[in-house]
Amino acid sequence: VYSKTLLTGSFTHALKVDWDNQDNSDYSEAEVLPDSFPSAPAEPLPEFLLEPEDAFIVKNRPVQLRCRASPATQIYFKCNGEWVNQNDHVTRESLDQITGLVVREVDISVSRTQVEELFGLEDYWCQCVAWSSAGTTKSNRAYVRIAYLRKNFEQEPLGREVRLEQEVLLQCRPPEGMPAAEVDWLKNEDVIDPSQDSNFLITIDHDLIIKQARLSDTANYTCVARNVVAKRRSSTATLIVFVSGGWSSWTEWSECNAQCGRGWQRRTRSCTNPAPLNGGAFCEGPPFQRVTCTTLCPVDGGWTEWAKWSACGTECTHWRSRECQAPPPRNGGKHCSGSMMESKNCTEGLCPVCLRLSSPPPYLLLSLLLFYAGLVGALLLCVILVLCVGVLAYRRRCRHLHGDITDSSSALTAAFHPGNYKPPRQDNPHPLHPSAPPDLTATAGAFRTPLFSLQHGVNDSPHKIPMTTSPLLDPLPSLKIKVYNSSTLSSLELPADMGSGNGEILSLKSVGTIGREREYHSHTLSREPGLSTSATLGNLGGRLTIPNTGVSLLVPPGTIPQGKFYEMYLIINKWDKTTLPSEGSQTVLSPVVSCGPSGMLLNRPVVLTLPHCAQLDTPTPDWTLTLKSQTHQGAWEEVLTVGEETLSSPCYLQLEEECCHVLMEQLGTYGLVGQSCPPQPACKRLQLALFAPRAPCLSLDYSLRIYCIHDTPHAFKEVLDLERSLGGVLLEDPKPLLFKDSYHNLRLSIHDIPHTHWRSKLLAKYQEIPFYHIWSGSQRPLHCTFSLERGSLAVSQLTCKICVRQVEGEGQIFQLHTDIQEVMMKAKVICLSSSSLSIQTLPPHSPLPKICASLDAPSARGCDWRLLARSLGFDRYLNYFATKPSPTGVLLDLWEACHQGDADLVSLATALEEMGKSEVLVVMTTDGEC
C-alpha cells in the first residue's frame with residue numbers, strides 16, 4: 001500500500017527523489033521503499049520497444065516524439081532537464097498478449113517556439129523515462145532542431161572553355177543547412193547519374209569531374225542542393241568543348257590559266273580536318289598557294305617551197321610536191337591547208353591521149369550548157385519566192401506591233417517629247433493610240449504608271465529630259481492580263497463586242513486568244529512567303545522583283561519567242577534548305593537565287609540583279625569574285641571569275657558597290673562567292689542590329705539581342721521577320737561594320753550598366769562569335785544575347801553601352817538610353833513594300849530599234865556601241881557584247897537593270913551627247929511626238 005501511494009498519490013515527491021540521485025545510483029529508492037514486496041511477484045525493469053528519434057522542425061510545423069515501453073506503470077518525457085507537463089502527454093495503455101505485461105505508449109508535441117526559447121550551446125533534447133516495480137529506465141536522447149537551408153552557395157560552378165578530351169573539374173559547395181544538404185548535378189536540366197555514364201564522377205566534396213571532355217559534354221551545368229526545407233540551384237555554368245581547326249590535304253594543282261605563255265596555277269586546302277568548333281582556333285597559314293606556269297603556244301604549220309617538176313610521164317603529165325614543214329604544226333597548231341601534190345600537162349598539146357581527153361564532143365558541151373542554164377533559172381525563182389514571203393511576213397508583223405501589249409519594264413522603250421508638249425484633254429473618249437497598261441488582278445499588286453512618263457516637277461534638274469503623258473499610254477477598254485502566283489496559266493480577256501474595224505485590237509485578239517497557236521510552259525514552285533514571285537510572261541517581257549530583298553529579274557522585250565508564254569519565277573533559297581556554293585576559304589556574298597523555268601529558249605539575255613556584301617571601294621583589288629551555278633544534281637560549278645572572262649564565258653557580270661547584274665541566257669540557280677586576293681585581306685560589309693522584347697514583362701529578367709548579318713536588304717528582312725515572330729523590336733537603326741579576312745573573332749561586350757538597379761548575368765567580360773562562322777556565311781542569322789536582371793519591377797530605365805568590334809579590327813558602339821516600359825512605342829518602324837512585279841507599256845513607235853541600228857554598225861571614228869559601253873562603264877569585257885546580234889540592245893538592257901530605281905534618262909542622254917550622236921537624240925524626241 002505504501003508503494004502504491006508513493007507512485008500515485010506522492011508522484012511528484014518520488015520523482016524528485018529519483019532524479020536528484022540519478023547521478024549517484026540508478027536504483028536509490030531503497031531509502032524510501034522496503035527491501036521486498038512479499039505481497040506481489042517481482043517485475044523486470046522496463047524495456048523500451050520504441051525510443052524517440054531526432055526530428056527537424058520544418059517552417060512552423062511542430063514535431064511529434066513517441067516512445068513505448070513494457071512493462072511500465074508510468075512513462076513520461078523530460079526535455080532539457082525539465083519534466084514536460086502531464087497535460088501535454090498523450091498516453092495509451094495496452095496488454096501484451098504473449099507476455100501478459102502492460103505496454104505503455106506516450107506522445108508529446110514540440111513546437112518551434114519551444115526550441116527557439118532555449119538558450120545555450122546545447123541543442124534542444126527530450127528523453128523518455130519509464131517506471132515499473134523493479135525500477136526506472138531512460139531512453140536515448142532525441143534532439144529537436146529547426147531545419148533551414150541558406151540561399152547562397154559557398155562556391156558555385158564557373159563556366160569554362162576546354163579542348164577536346166581534357167579533364168574538367170566543376171566545383172560546388174552547397175549552402176549551409178540543417179540537415180546538411182544533398183547535392184545533385186544537372187546537365188541541361190537532366191540529372192547526371194555516374195552509374196549510367198562512367199565519364200562523370202561526383203566526389204565526396206560534391207565536385208563534378210568529367211574525365212575526358214567530349215563534344216556532347218558541351219552543355220549548361222547546374223549544382224542543386226536540397227534538404228527537408230527547400231531546394232537551391234546554383235548559377236548555370238556553361239561548359240564549351242572546343243575543337244581547333246586543322247588543314248586538309250592540298251588539292252591537285254589546277255590547270256594553267258593561260259592558253260599561251262606565262263600564267264599561274266593554284267591549289268587550295270580547307271580548314272576542315274577537323275573544322276573549328278565552338279570557338280576553336282582557326283587554322284594558321286594561307287588557304288591556297290599559287291605558282292607560275294608556262295603554256296607552250298600553238299604553232300600552225302606552213303608549206304615549204306614547191307620542189308622541182310618531175311620528168312614527163314607516159315600520161316603526158318609531170319608532178320611536183322611540197323611539205324608542211326615551214327614550220328611544222330606544234331602544240332596543237334593547225335595543219336597546213338591545201339594539197340601536197342600538183343600535176344599538169346607537160347607536152348603542150350602534143351600528146352594524143354591528152355588531146356582526146358581534153359576535147360569532149362560537141363553534143364556533150366551543149367547538154368552541159370542547157371543543164372546549168374536550167375539550174376540557174378530555178379535558183380532565181382526560189383530567191384524571188386523567198387523575198388515575197390519575207391515581205392509579207394514583215395508587213396504582217398508590223399501590223400501586230402500596233403496592237404500588241406508590251407509588259408516590259410524597259411525604261412528605254414519610252415519616248416522623249418519636247419518641253420512644250422501639251423497633254424491631251426481628259427474628256428476625250430477616243431484616244432488616238434489605245435495602248436494600255438495591263439491590269440494586274442492577282443498578287444502582283446497595284447499597277448504603277450509607266451516609269452518614265454513623269455511630270456516635270458519644280459524640283460527636277462533642268463538638264464533632265466521631260467517625258468510624256470500622251471494618249472499613247474491610255475488604257476484599252478476591258479483589257480486584262482492576269483498574273484498568277486501558282487503553276488496555272490495566264491489569260492488575256494477581250495470584250496466580245498469589238499468589231500473588225502479596229503485593226504490593232506483584232507491583231508491582238510488573233511494572237512492572244514487562240515489557244516492552239518500558243519505554247520505554255522509552267523513550273524511548280526515550292527516557295528516561302530516573301531521570298532518568291534512568279535508571273536506568266538510572253539514576248540512583251542517584264543520584270544520580276546521580290547520586295548525588300550534587292551533581287552530582281554529583267555526580261556527584255558523580245559526575249560521570249562513570239563507566240564510563246566512562260567510562267568517565270570524568281571526564288572530566294574533559304575540557307576537551311578540548300579547547299580552553299582562556298583568551298584575552302586571562299587565566302588558567300590549574295591543570296592542564292594533560282595530563276596526559271598530552266599532550259600527555256602531565250603532570244604536574248606535576261607538580267608538577274610543580286611545584292612552583295614563585298615567591300616569594293618579600296619584602291620587595289622582585294623577580292624577574287626566568282627559566279628557559281630548549281631547543276632541539276634545539286635553540285636556547284638564556276639560560271640565565271642570576274643576579270644578572267646573568255647569567249648567561252650556564258651555570262652557577263654557587272655559589279656556595283658552594293659549589287660551585281662548578271663547577263664545570262666540560261667536560267668537556273670546562281671550565287672556570288674569570293675575570297676581574299678593577297679596580299680591585301682578583303683572586307684565584308686556587315687550590319688549590326690539591336691533588338692529587345694516588345695512588351696514589358698512581370699519578370700525581373702531582360703535581354704538584349706545583337707544580330708551580325710550581311711549588309712544586304714535580304715539579310716535584314718530575314719532578321720526582321722524572325723524578330724517579329726519572337727515578339728522583338730528594333731531599338732536603333734542598324735550600324736555598319738567592315739569585317740576583315742584576318743582570322744580574328746567578333747567580340748561583343750556591355751559596359752556602364754547602372755549596378756544599383758541592374759545586374760549582368762554574363763560571367764565573362766565579353767562574348768565572341770568565331771571568325772569562321774561569320775566569314776563562311778553558312779550560319780544565319782548569327783547573334784549574341786546579353787541577359788540582365790533588374791533589382792525590382794519598378795526599375796524601367798536602362799542606360800548602357802554595347803561595344804561590337806573585330807579583334808584588331810573595326811568596331812561600333814551602341815549608346816542605349818531606353819525605358820523598357822515604353823519600348824513598344826519607341827521601337828523603330830520598318831515599312832516594307834508588298835509589290836512584286838513591275839510592268840510598263842511600250843509606245844507604238846519605240847525609238848529602241850533606231851538607236852540600235854544607229855550604234856550597232858561599226859563606225860570609222862569609233863562612235864559606235866563600243867564607245868557607248870565605255871561611257872556607261874560596261875567595257876570590262878567587250879567581246880561578250882560583240883558576240884550578240886545587237887550589242888547596243890544588250891547594253892541598254894544592262895543599263896536599264898542598273899538604273900531601275902531612277903526616273904529619268906539623263907545619264908544615257910549625256911553619254912549619247914558626249915559621243916556626238918545628236919541625231920539619236922533627235923530620233924528619240926521626234927519618235928515621241930508620233
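Side-chain atoms are counted along with the backbone in the values below, which use heavy atoms only and exclude waters and symmetry mates. Starting from 1, each residue takes its place in the sequence as its number.
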Legend entry - Main-chain N/O of Thr626 paired with Thr641 side-chain donor or acceptor, under 3.5 Å: no
Legend entry - Close aromatic pair by centroid cut-off 6.0 Å: Phe881 and Tyr652: yes
Inset, instruction - Could you pull out the closest heavy-atom pair between Pro556 and Val606, with the gap in Å? - result: CD-CA, 4.2 Å
Inset, instruction - Using atom types as modelled and distance alone, determine if a side-chain donor or acceptor of Thr559 lies under 3.5 Å from a backbone N or O of Leu602. - result: no
Legend entry - Under 3.5 Å donor-acceptor, Thr712 side chain and Pro611 backbone: no
Inset, instruction - Would you confirm whether Gln630, through its side chain, and Ser594, through its main-chain N or O, come within 3.5 Å as a donor-acceptor pair? - result: no
Inset, instruction - Return the minimal non-hydrogen interatomic distance between Pro591 and Leu610, and the atom names on each side. - result: O-CD2, 4.4 Å
Legend entry - CD on Glu896 to CG on Leu891, rounded to 0.5 Å: 13.0 Å
Inset, instruction - Could you go through the side chain to side chain contact (heavy atoms under 4.5 Å, CB included) check for Ile560 and Phe565 one step at a time? - result: CA-CA 7 Å; Ile560 301 176; Phe565 293 83; over 6 Å; no
Legend entry - N/O donor-acceptor pair under 3.5 Å between Asp856 side chain and Ser886 backbone: no
Inset, instruction - For Thr587 and Ser582, run side chain to side chain contact (heavy atoms under 4.5 Å, CB included): C-alpha distance rounded to whole Å, both residues' side-chain angles, the deciding distance at 0.1 Å, then the answer. - result: CA-CA 6 Å; Thr587 176; Ser582 58; 5.8 Å; no
Inset, instruction - Could you walk me through whether Trp623 and Lys684 pass side chain to side chain contact (heavy atoms under 4.5 Å, CB included), step by step? - result: CA-CA 10 Å; Trp623 278 103; Lys684 289 176 67 172; 3.8 Å; yes
Legend entry - Spacing of Tyr670 atom OH and Ser590 atom OG [to the nearest 0.5 Å]: 12.5 Å
Legend entry - Straight-line distance of Gln615 CD to Leu738 CG, nearest 0.5 Å: 4.5 Å
Legend entry - Gap between atom OG of Ser552 and atom CG of Leu608 - 0.5 Å precision: 7.5 Å
Inset, instruction - Over all heavy atoms of both residues, which pair between Tyr880 and Pro605 is shortest? Give the atoms and the distance, please. - result: OH-CG, 3.8 Å
Legend entry - Minimum heavy-atom distance between Met568 and Met600, given as atom pair plus value: CE-SD, 3.9 Å
Inset, instruction - Look at Lys884 together with Glu665 and state whether they make a salt bridge at an N to O cut-off of under 4.0 Å. - result: yes
Legend entry - Under 3.5 Å: donor-acceptor pair, side chain of Asp622, backbone of Cys677: no
Legend entry - Straight-line distance of Tyr569 OH to Leu667 CG, nearest 0.5 Å: 8.0 Å
Inset, instruction - Please report the closest heavy-atom contact between Ala869 and Leu878, naming both atoms and the distance. - result: CB-CD2, 3.6 Å
Inset, instruction - Find out whether His612 and Leu655 are in side-chain contact, i.e. whether some heavy atom of one side chain is under 4.5 Å from a heavy atom of the other. - result: yes
Inset, instruction - Applying side-chain contact (heavy atoms from CB on, under 4.5 Å) between Val551 and each of Thr609, Leu531, Ile571, Leu570, report the one that passes. - result: Leu570
Inset, instruction - For Tyr877 and Gly643, indicate whether the former's side chain and the latter's backbone hold a donor-acceptor pair under 3.5 Å. - result: no
Legend entry - Side chain to side chain, Leu686 and Cys613, heavy atoms closer than 4.5 Å: no
Legend entry - Partners meeting salt bridge (Lys or Arg N to Asp or Glu O under 4.0 Å) with Lys628 (sequence neighbours left out): Glu583
Legend entry - Residues that Glu658 engages under salt bridge (Lys or Arg N to Asp or Glu O under 4.0 Å), provided they are two or more places apart: none
Legend entry - Full working for side chain to side chain contact (heavy atoms under 4.5 Å, CB included) between Leu616 and Leu625: CA-CA 11 Å; Leu616 301 177; Leu625 300 176; 4.3 Å; yes
Legend entry - Ser629 (side chain) donor-acceptor with Val639 (main chain) under 3.5 angstrom: no
Legend entry - Least distance between heavy atoms, Ser598 atom then Gln666 atom: C-NE2, 4.4 Å
Inset, instruction - Return yes when atom CD of Glu656 has more than 12 non-hydrogen atoms of other residues, nucleotides or ligands closer than 6.0 Å, and no otherwise. - result: yes
Inset, instruction - Could you grab the distance from atom CG of Leu647 to atom CG of Asn879, nearest 0.5 Å is fine? - result: 5.0 Å
Inset, instruction - With the side chain counted from C-beta on, respond yes when Leu653 and His661 share a heavy-atom pair under 4.5 Å apart, and no when they do not. - result: no
Inset, instruction - Please confirm whether the backbone N or O of Gln675 pairs with a side-chain atom of Gln586, one donor and one acceptor, at under 3.5 Å? - result: no
Legend entry - Partner residues of Glu645 under the salt bridge (Lys or Arg N to Asp or Glu O under 4.0 Å) criterion, sequence neighbours left out: Arg876
Inset, instruction - For residues Val592 and Thr669, determine if any side-chain heavy atom of one lies less than 4.5 Å from a side-chain heavy atom of the other. - result: yes
Inset, instruction - For Arg604 and Val555, indicate whether the former's side chain and the latter's backbone hold a donor-acceptor pair under 3.5 Å. - result: no
